[in-house]
Amino acid sequence: MRIFKRQDLRIIFEIIFGMLFSSLISSILIWIGYYIVNLNNLMNYNVNVLGLEIFKIKNAGESGTPLKNNMMYLGVICSILFVIFGEIFAGFRKKK
């Protein structure tokens with residue numbers, strides 16, 4: 001007897017991949033933000049994604065503050081998009 005159906009597992013994996021994707025995007029953008037700060041000798045810099053401020057870099061790149069709520073929103077948005085596109089793709093595959 002199966003605990004999860006195939007569609008349930010697919011949705012769980014899509015949610016996990018959405019969270020991993022948002023973490024990867026956040027990491028890359030924060031790294032780029034530190035690069036910009038060090039290149040231009042800026043004192044303060046805000047890393048933004050889709051209008052959401054996810055990280056504040058202060059004191060010429062010596063310290064940074066993550067904005068966890070906005071990072072969480074980005075993870076939820078990416079997970080929802082992965083589920084929507086994954087289910088649309090799965091629906092097209094079933095029709096063939």
Side-chain angles (χ1 to χ4, degrees):
M1 187 168 113
R2 287 185 166 172
I3 297 174
F4 293 111
K5 295 179 185 176
R6 177 173 272 167
Q7 183 180 12
D8 295 338
L9 286 175
R10 187 173 61 234
I11 289 174
I12 289 169
F13 284 124
E14 290 163 354
I15 290 171
I16 291 170
F17 286 137
M19 287 188 277
L20 291 174
F21 181 73
S22 72
S23 298
L24 179 68
I25 292 296
S26 296
S27 299
I28 291 171
L29 290 176
I30 291 168
W31 179 80
I32 291 171
Y34 273 109
Y35 179 75
I36 290 170
V37 166
N38 291 329
L39 185 66
N40 299 322
N41 290 329
L42 300 174
M43 290 301 293
N44 295 319
Y45 186 77
N46 296 329
V47 179
N48 295 316
V49 178
L50 301 173
L52 290 174
E53 186 179 334
I54 61 168
F55 200 79
K56 290 183 181 182
I57 301 172
K58 299 178 185 174
N59 301 329
E62 292 178 8
S63 65
T65 306
L67 299 168
K68 296 175 188 173
N69 286 341
N70 291 347
M71 285 186 181
M72 179 189 67
Y73 294 144
L74 181 64
V76 169
I77 290 168
C78 287
S79 294
I80 289 171
L81 290 175
F82 265 73
V83 169
I84 289 171
F85 290 131
E87 292 304 306
I88 288 172
F89 181 73
F92 282 135
R93 281 185 43 205
K94 280 187 178 181
K95 287 183 180 181
K96 289 184 178 182

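Note that these values count all heavy atoms, side chains included, but never hydrogens, waters or copies made by symmetry. Note that the numbering runs from 1 along the sequence shown for the chain.
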Residues 57-66, side-chain donor-acceptor partners within the protein, below 3.5 Å, at least two apart:
none

Using residues 13-34 as the side-chain source, report each donor-acceptor pair under 3.5 Å to any protein atom, sequence neighbours left out, with the distance given to one decimal.
{"unit_1": "S22", "atom_1": "OG", "unit_2": "M19", "atom_2": "O", "d": "2.9"}
{"unit_1": "S23", "atom_1": "OG", "unit_2": "M19", "atom_2": "O", "d": "3.0"}
{"unit_1": "S26", "atom_1": "OG", "unit_2": "S22", "atom_2": "O", "d": "3.0"}
{"unit_1": "S27", "atom_1": "OG", "unit_2": "S23", "atom_2": "O", "d": "2.9"}

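- Not counting sequence neighbours, N38 has no partner by the side chain to side chain contact (heavy atoms under 4.5 Å, CB included) test.
- The hydrophobic cluster containing L39 also includes Y35, under a criterion of side-chain heavy atoms closer than 4.5 Å among ILVMFWY residues, counted directly or through chains of members.
- The hydrophobic cluster containing F85 also includes I77, L81, under a criterion of side-chain heavy atoms closer than 4.5 Å among ILVMFWY residues, counted directly or through chains of members.
- Residue pairs that meet the side chain to side chain donor-acceptor pair (under 3.5 Å) test with at least one member in residues 66-87, sequence neighbours left out, are Q7-E87, R10-E87.
- Cluster annotation: Y45 is connected to I54 through the hydrophobic network of ILVMFWY side chains, with a link wherever side-chain heavy atoms come within less than 4.5 Å.
- Cluster membership check: M43 does not share its hydrophobic cluster with V47, using side-chain heavy-atom separations under 4.5 Å among Ile, Leu, Val, Met, Phe, Trp and Tyr.
- Contact between E53 and L67 at its shortest, heavy atoms only, is O-CD1, 3.1 Å.
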